[in-house]
Protein chains: 2
Amino acid sequence: MPGEKDRRRSIGARRNPATEAAVLAAAREVLAEAGYAGFSVDEVARRAGAGKPTIYRWWPNRADLLAEVYFADRAARIPEPETGRLATDLAALARSYLGAWRGSPAGAALRGLLAEAQANEAALVVLWERFLPRWSEPVRGVLGEAARRGEVEPGDIEMLAELFSGFLWLRLLTGQTDDDRAAIDRVARLLASARGRKV
Amino acid sequence: MPGEKDRRRSIGARRNPATEAAVLAAAREVLAEAGYAGFSVDEVARRAGAGKPTIYRWWPNRADLLAEVYFADRAARIPEPETGRLATDLAALARSYLGAWRGSPAGAALRGLLAEAQANEAALVVLWERFLPRWSEPVRGVLGEAARRGEVEPGDIEMLAELFSGFLWLRLLTGQTDDDRAAIDRVARLLASARGRKV
DNA sequence: CGCTGATCGGAACGCACCGTTTCGATGCTG
DNA sequence: CAGCATCGAAACGGTGCGTTCCGATCAGCG
């Protein structure tokens with residue numbers, strides 16, 4: 001009876017792209033419906049109609065999978081604002097991040113990735129090597145532009161990026177991803193006016 | 001043979017303070033030796049010579065236990081610096097927090113508390129109601145003093161506290177609790193010079 | 001004085017998940 | 001055509017969660 005739903009199987013001695021897509025889609029679904037609390041490899045495998053060994057073959061850590069889900073999400077691709085003023089750029093950037101976290105599984109994925117990194121050494125490595133550099137690109141981009149305009153001391157870029165990232169993460173981790181424009185604008189102005197040179 | 005180690009038991013219809021102390025001490029030990037990765041209620045119960053139901057009776061969540069361990073730690077009681085200059089106060093405060101996290105189980109406890117809050121609704125409530133207000137007291141104290149001296153706009157206190165906390169937490173969560181004086185000083189000067197008033 | 005009732009440690013429960021192993025079937029690749 | 005990496009399924013041992021039962025303990029109350 002060939003009317004039955006086709007089961008995905010091996011396509012030979014190479015990775016099956018359909019399986020890869022199904023796993024990522026399933027992971028995304030689980031995060032969207034149940035958040036990180038409902039995220040488990042078993043559940044993802046069930047939904048994807050995939051075997052657990054298949055998942056572990058390609059994503060050795062849960063953190064690996066979470067990081068890939070994060071960036072696979074279109075909403076998580078943050079546009080780099082260019083208004084010519086640091087305060088407004090930072091505010092727009094913050095609203096983009098928080099909005100993406102609110103409206104897509106990316107927020108749950110990052111919450112999970114950070115949680116994972118607190119108990120799992122390998123997850124911390126993923127966070128450092130795979131996630132952080134790519135994630136913070138827009139932040140460093142905006143600050144770099146501001147430095148070229150002279151709005152920011154080049155030596156301040158790194159710590160400003162850390163302060164900005166810390167603010168966003170704190171909001172995410174404490175469940176405050178709402179669009180709090182007053183707070184965001186104030187933080188953006190604070191950072192744009194800050195100077196770290198020794199006096 | 002009364003030479004055997006006395007087993008703790010019920011002392012009647014009231015909480016046994018010896019049990020409470022033994023559980024907190026055991027939790028502290030586990031965190032110190034194995035970090036949050038090795039932290040489990042079963043293990044704490046084993047070490048404390050206590051029953052799991054006893055632990056769950058008094059600490060309904062793992063988060064409850066972690067929060068209490070955090071504050072029970074002497075090292076986690078951060079002195080409030082008073083040098084009369086915001087930048088130096090913030091720097092001293094940051095070094096106190098990071099030093100406490102580095103040298104005591106408090107850091108592991110907070111990492112666990114934050115991780116827990118990402119998957120557990122009840123833990124998020126503990127974080128908000130039990131942990132955050134008490135934890136951020138020194139931060140708000142230093143900023144409040146600075147406001148009274150006129151170094152800080154009162155309307156900026158809240159967001160400066162969030163930026164400062166976010167920075168510390170980011171460092172903790174990414175495993176950077178080392179005493180990076182250059183970075184800490186620069187962050188302190190950045191925050192002390194920031195102004196959020198609308199222009 | 002004796003009863004009530006909350007507490008204690010211990011043991012075991014059902015459930016869920018982790019990460020791994022084994023299996024037979026599949027179909028490129030050389 | 002034969003070798004071999006891949007696939008899904010099933011099951012494994014181990015661990016932890018949060019709960020339930022048990023018998024023993026003893027302060028507080030009538």
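We name chains A, B, ... by the order of the sequence lines, and we start the count at 1 in each one. Just the heavy atoms: all of them, side chains too, but no hydrogens, waters or symmetry mates, feed the values below. Please read all numbers here as calculations on a predicted model, not as lab measurements.
- There is no side-chain donor-acceptor pair under 3.5 Å between B/Glu20 and B/Trp58.
- Remark: C1' of D/dG16 and OH of B/Tyr36 are 12 Å apart, rounded to the nearest angstrom.
- Spacing between atom CH2 of A/Trp59 and atom P of D/dT6 amounts to 13 Å, rounded to whole angstrom units.
- For B/Arg77 and B/Phe71, the positive end is not near the middle of the six-membered ring at less than 6.0 Å and at most 45° from its axis.
- Summarising the local packing, CZ of B/Arg15 is surrounded by more than 12 heavy atoms from other residues, nucleotides or ligands at distances under 6.0 Å.
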B/S/- contact track for nucleotides 4-12 of chain C, protein heavy atom under 4.0 Å:
-BBBBBBBB

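- Defined by atom type and a distance below 3.5 Å, a donor-acceptor pair is present between the side-chain atoms of A/Tyr70 and A/Trp101.
- A/Thr19 and A/Arg8 share a donor-acceptor pair across their side chains, judged by distance under 3.5 Å alone.
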